[in-house]
**Student:** 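One structure, as structure tokens, below. Some questions next.
As the structure lists them, so they are numbered: ligands from 1, and atoms in each ligand from 1.
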Amino acid sequence: MSHPEPVKKNDMTQTAPVDMKDIVALCKRRGFIFPASDIYGGINGFWDYGPLGTELKNNIRDHWWKAMVITPPIGPDGEPLQIVGLDTSIIQNPRSWEASGHVGGFNDPMVDCKESKKRYRADHILAFLPKDGEGAALAFDKDADSAEIDQRLKKLAKGRPQSDYNILTLDKVPVEQFPSIVGPDVKTPGTLTEPRQFNMMFHTFVGAASGDENKAYLRPETCAGIFLNFKNVVDSSRVRMPFGIAQIGKAFRNEVTPRNFIFRSREFEQMELEWFCHPDEHEKWFEFWVEQRKAWWKSIGMDMARFYFNDIEKAELAHYSSRTIDIEYLFPFSAPDFDELEGIAHRGAFDLTQHQDFSGQKLDYLDPVTNERYLPHVIEPSTGLTRALLAVLCDAYTPDPNRPSGVYLNFHPALAPKKAAILPLTAKDDHVPAATKLYMALREHFPVDLDIKQNIGKRYARQDEIGTPFCFTIDDQTNTDQTVTVRHRNTMKQERIGMDHALDYMRQNMSTATGH
Ligand code: GAP
């Protein structure tokens, strides 16, 4: 297999750089991400994107769209690929979710605790079962660290060492053992229910009546609208096999345990490509897309030492997939393990076959050259836009005790919400008119900030914390020789350049301003 050599799990040259709490705090302090309905105490699993978070998300979205739809990659034959975009409805005919398998199968095993009233995903809870069958069995959240586990074993199991236990996720534990397990948030055994399947699709009612016949679902993945429009696109566009259809948009899942900030949310955004090809060519295209996706993550400045390409074992594949490689990232909350960032799945002809059967419409493709009719196979690189944003934030977060802010965000300039800040040294004298003039000239070309008030150190600190690659400072000398200082975010080094040269300077230095 030619996809990139992954770093080995638990064998990292880089450890997780920071505590998630610090990232969450910065996101709120600087206006990247807020809890949804914050003034009402929030609502679990929902988030709002603030002024800078919206810009950052749009930049990631635009970069993906450009790489897929505007300038698609060059294919193995040296020709540019054909990929078109779509924007389909969040609510579709409910029959389509029966066809896709979501009504019957989009389930997670779920366990309730009768005492704490908490609900857990059984595959996210580790059960510690005493090897000798003596004493309490204890359950822990999958993210609990070793010290936390030892402390609880001390309290509830006389400090027995972890080696005394067999460890299984709760969904693998025989149900007759449940009464002896102490749940993660309680002190006595027997409060956990047996795992039940829980459908994660949000539903609503279309029209005035609210009976079963009006029930509809919010899409749990964006790709569905692509399959439903396969025939429309083939009939209306000039695409020929192989080709792709891309879509970016909201998806909704009633996750049992939303967690880790925006990582697992109930409302999120996805960026999905469905690549349709001849069934004989699926392996070639699978390899191709793994390479392409790696190149894309690299192109947005991510530290590839924090990536792991996980070839998913057959038993763990989703119902529609015969092969999947998950692109995983070393998030601060998962370290030293990795967690999923993107899935690249070979979906075969599953979706088109199902929709053909359920809709009664022919969805096969007629090759105009060979006259062969077939249902194409699909390779699907699917990434969460909001999860990508989280990975970008974690990757960029760089603690630095040598600067007043103690931290800066090392965004690739293409993603940075603001590409430069224009800072008059003082709010008086002639600094402000010159700064305004420069701001008006630059803002036609780049998103830039004009920040006038507060002392200059505080303003640099703010720009460091929001990841602005360049700060142009206007001082007394500006009015005598028309020069400004440029301060570089990563190095904090300053140099003097002609004010007229600022735009060219930005253009020239944009690609080299990232640390990775
Ligand atoms: N169409 C295939 C599909 O949806 P998935 O692995 O369920 O596959 C693809 O989701 C990507 O969507 C994930 O790799 C992740 O980045 C993102 N994603 C899935 N569930 C999410 C959630 N609850 N919150 C945020 N992102 C999510």
**Student:** Suppose I only count heavy atoms of C223 and a 4.0 Å limit; which atoms of ligand 1 are within that range?
**Tutor:** 1 (N)
**Student:** With a cut-off of 4.0 Å, which atoms of ligand 1 are near a heavy atom of G384?
**Tutor:** 11 (C), 12 (O), 15 (C), 16 (O), 17 (C)
**Student:** Is NZ or CZ of K57 both nearer than 6.0 Å to the six-membered ring centre of Y49 and within 45° of the ring axis?
**Tutor:** yes
**Student:** So, does T71 use its side chain to make a donor-acceptor pair with the main chain of K66 at under 3.5 Å?
**Tutor:** yes
**Student:** For ligand 1, which atoms have a heavy atom of E272 less than 4.0 angstrom away?
**Tutor:** 1 (N), 2 (C), 3 (C), 4 (O)
**Student:** Can the positive tip of R119 be found less than 6.0 Å from the middle of the six-membered ring of F198, inside 45° of the ring normal?
**Tutor:** yes
**Student:** For L341, is at least one N or O under 3.5 Å away from an N or O on ligand 1?
**Tutor:** yes
**Student:** Return the residue, atom name and 0.1 Å-rounded distance of the protein heavy atom closest to atom 24 (N) of ligand 1.
**Tutor:** S265 N, 3.0 Å
**Student:** Give me the residue, atom name and distance of the protein heavy atom closest to atom 18 (N) of ligand 1.
**Tutor:** F268 CE1, 3.6 Å
**Student:** Who's the nearest protein heavy-atom neighbour of atom 9 (C) of ligand 1, and how far?
**Tutor:** S382 OG, 3.0 Å
**Student:** Judging by distance only, is a nitrogen or oxygen of Q270 under 3.5 angstrom from one on ligand 1?
**Tutor:** yes
**Student:** Is it true that the side chains of Q247 and T88 contain a donor and an acceptor less than 3.5 Å apart?
**Tutor:** yes
**Student:** Closer than 4.0 Å to some heavy atom of E342 - which atoms of ligand 1 meet that?
**Tutor:** 14 (O)
**Student:** Do N232 and D235 have a side chain donor and acceptor closer than 3.5 Å?
**Tutor:** no
**Student:** Tell me, please, whether Y365 has R373 positioned over its six-membered ring: NZ or CZ under 6.0 Å from the ring centre and within 45 degrees of its axis?
**Tutor:** no
**Student:** For S89 versus R219, what's the shortest heavy-atom pair and its separation?
**Tutor:** O-NH1, 3.6 Å
**Student:** Enumerate the atoms of ligand 1 whose separation from the nearest heavy atom of E255 is less than 4.0 angstrom.
**Tutor:** 22 (C), 23 (N)
**Student:** Under the 3.5 angstrom rule, does the side chain of R266 hit a backbone N or O of G45 as a donor-acceptor pair?
**Tutor:** no
**Student:** Closer than 4.0 Å to some heavy atom of E380 - which atoms of ligand 1 meet that?
**Tutor:** 1 (N), 2 (C)
**Student:** Counting N and O atoms only, with roles assigned by atom type, does the side chain of S359 sit under 3.5 Å from a partner on the main chain of Q361, one being a donor and the other an acceptor?
**Tutor:** yes
**Student:** In the protein, what heavy atom is nearest to atom 8 (O) of ligand 1, and what distance, to one decimal place, separates them?
**Tutor:** Y320 OH, 3.7 Å
**Student:** Is the backbone N or O of F358 less than 3.5 Å from a side-chain atom of R95, with the two atoms forming a donor-acceptor pair by type?
**Tutor:** yes
**Student:** Report the relative orientation of the aromatic rings in Y329 and F307; use parallel for angles under 30°, tilted for 30 to 60°, perpendicular for over 60°.
**Tutor:** perpendicular
**Student:** What atoms of ligand 1 come within less than 4.0 Å of a heavy atom belonging to R347?
**Tutor:** 1 (N), 2 (C)
**Student:** Tell me the nearest of R264, R219, E340 to atom 13 (C) of ligand 1, using heavy-atom distances.
**Tutor:** E340
**Student:** Give yes if a backbone or side-chain nitrogen or oxygen of T386 is under 3.5 Å from a nitrogen or oxygen of ligand 1, and no if not.
**Tutor:** no
**Student:** Can you tell me if M200 has a non-hydrogen atom under 4.0 Å from ligand 1?
**Tutor:** no
**Student:** Closest by any non-hydrogen atom to atom 19 (C) of ligand 1: pick that one out of R253, R266, E221.
**Tutor:** R253
**Student:** Taking distance alone, with no angle check, do F263 and ligand 1 share an N/O pair under 3.5 Å?
**Tutor:** yes
